[in-house]
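When reading the values below, keep in mind they use all heavy atoms of this one structure, side chains included, and skip hydrogens, waters and symmetry mates. Keep in mind the model is a prediction, meaning the values are calculated, not measured.
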Amino acid sequence: MRAGAAGALALLVAAAGCSLTSESADEGRDGTGTAIRISPADGASDLPTGLPITVSAAQGTLKSVTVTAGGRPVSGVFSADRTQWRSDRALIPGATYQVHAVASGPNGATVERTSRFTTEKAVKTFGIDTLIPNKDHGSTLGVGMPIIITFDQPISDRVSVERNLIVEASRPVEGAWHWLNEKKVVWRPKEYWPAHTKVRVVARLANVRGGAGLYGKQDYVREFQIGREQISVADTKTHHMTVKRDGKVIKVIPISAGSGDVFRHYTTSGIHVAMSREPVTVMVSPDAAPGQPGYYRTTTYHNVRISDTGEYVHGAPWSVGSQGRANVSHGCVNASPANAKWFMENTLIGDPIIVTGSPRKLEPTNGWSYFQASWEDWLKQSRLRADFAAPLASV
């Protein structure tokens, strides 16, 4: 808040009888005076847009509050007892605001007050480059689905932006935002989403300050639904993957995981999340060129991606003899063609796929594996405290 925005504000104080006189807030008033306070103060300039407009009546009630910016009305809400009014959106950058308020006192007299101030001009604007989940992920998602926002400009005023990123849910769920870097912020529940939860993400970014002279261009809304709870556990020691739906085992699949002949060929242990379903994928060795030892280029079918580093659950007819008995892959979870097809068709984007038994640990930022971070560590990169998602009346 800039100097002057919360300083002493002028008052209109009721004198004896029905006559009203004007005094400053610092000069006080008598016990029956009615006064109006307006913030920001009259004449303030270059104010940040996150500063709310507030109007309050002392020893009286507000009859009306009219606020305009460039001749257009500005919305706000009254308190139940009509002693306070507050704007409900970020202010417009580079705008001149005019406030006119009328209050009535206990003796029936009225008092009026006006304020005029300006906001800081925008040097440039920012928006959302990507918001995940998107339409390509489907409208129904798994219980491990994160909300990932990537901005098109670096954000330095993270408090202002995070305050205007709202998650609404039809069921109680505690969660928090976490800044991965200056452009990317992620929301995840403390635990998994409750099954069959309806979710709405509202990014109220129009005119929101993202940094010095940087302001949001527009609002964004994304809606999706969480489906049934399906959690799969791939045990690299028993060489089987158990798929549970709503707490009941629906399938046990023989698998072959990373061989570990070199450390990078271990499948990473941890809470993976299904990122994509790919009927056909061409896999190429990441660390060997054609003609070098370890090079491969293989077409695989019925793939579910589970990390950024190329780990999939996929069909592998060449390792069927080892599935259920030994780990022979370069790091993926191999299944028979029939089992891989079933798994891809029965997996939602956002389903947790947990790998156990490997000495190579999954990093929380590898893919969408954000549940790998402890809740305490997750909150360290949140600018606001954890909270329950706002109630969702309807979608």
Side-chain (S104) to main-chain (G108) donor-acceptor, under 3.5 angstrom: no
Donor-acceptor under 3.5 Å (S369 side chain, N366 main chain): yes
Qualifying residue, where the test is side-chain contact (heavy atoms from CB on, under 4.5 Å) with K184 and the options are I148, I149, D129: I148
T49 (side chain) donor-acceptor with V208 (main chain) under 3.5 angstrom: no
Any donor-acceptor N or O pair under 3.5 Å, side chains N303, T281: yes
Any donor-acceptor N/O pair, H239 side chain to R325 backbone, under 3.5 Å: yes
Check: S307 side chain, T309 main-chain N or O, donor-acceptor pair, under 3.5 Å: yes
Polar side-chain atom of R200 near backbone of A169 as donor-acceptor pair, under 3.5 Å: no
Contact summary for N207 and P93, nearest pair of heavy atoms: OD1-CD, 3.4 Å
N327 side chain to A257 backbone, donor-acceptor under 3.5 Å: yes
More than 12 heavy atoms of other groups within 6.0 Å of K361 NZ: yes
Distance-only donor-acceptor check, side chains E363 and T365, under 3.5 Å: no
Polar side chain donor-acceptor pair, H196 to Q225, under 3.5 angstrom: no
salt_bridge(R228, D351) N-O dist < 4.0 Å: yes
E278-Y301 side chain donor-acceptor pair, cut-off 3.5 Å: no
L131 backbone acceptor or donor facing R222 side chain under 3.5 Å: yes
Whether H314 and W318 hold their rings parallel, tilted or perpendicular, with breakpoints at 30° and 60°: tilted
Nearest heavy atoms of V328 and S319, plus distance in Å: CG2-CB, 3.9 Å
W187-W368 aromatic ring centre distance below 6.0 Å: no
Residue pair P189 / F371: nearest heavy atoms and the distance that separates them: O-CE2, 3.4 Å
Side-chain donor or acceptor of Q372 paired with backbone N/O of L362 under 3.5 Å: yes
E174 side chain to E191 backbone, donor-acceptor under 3.5 Å: no
side-chain hydrogen bond (donor to acceptor under 3.5 Å, both in side chains) partners of residues 131-146, not counting sequence neighbours, each pair once: N134-H137
Test: K341 and E345 ion pair at under 4.0 Å: yes
K217 atom NZ, neighbour heavy-atom count above 12 within 6.0 Å: yes
Under 3.5 Å side-chain donor-acceptor pair for Y370 and R188: no
Lys/Arg N to Asp/Glu carboxylate O, D157 vs R209, below 4.0 Å: yes
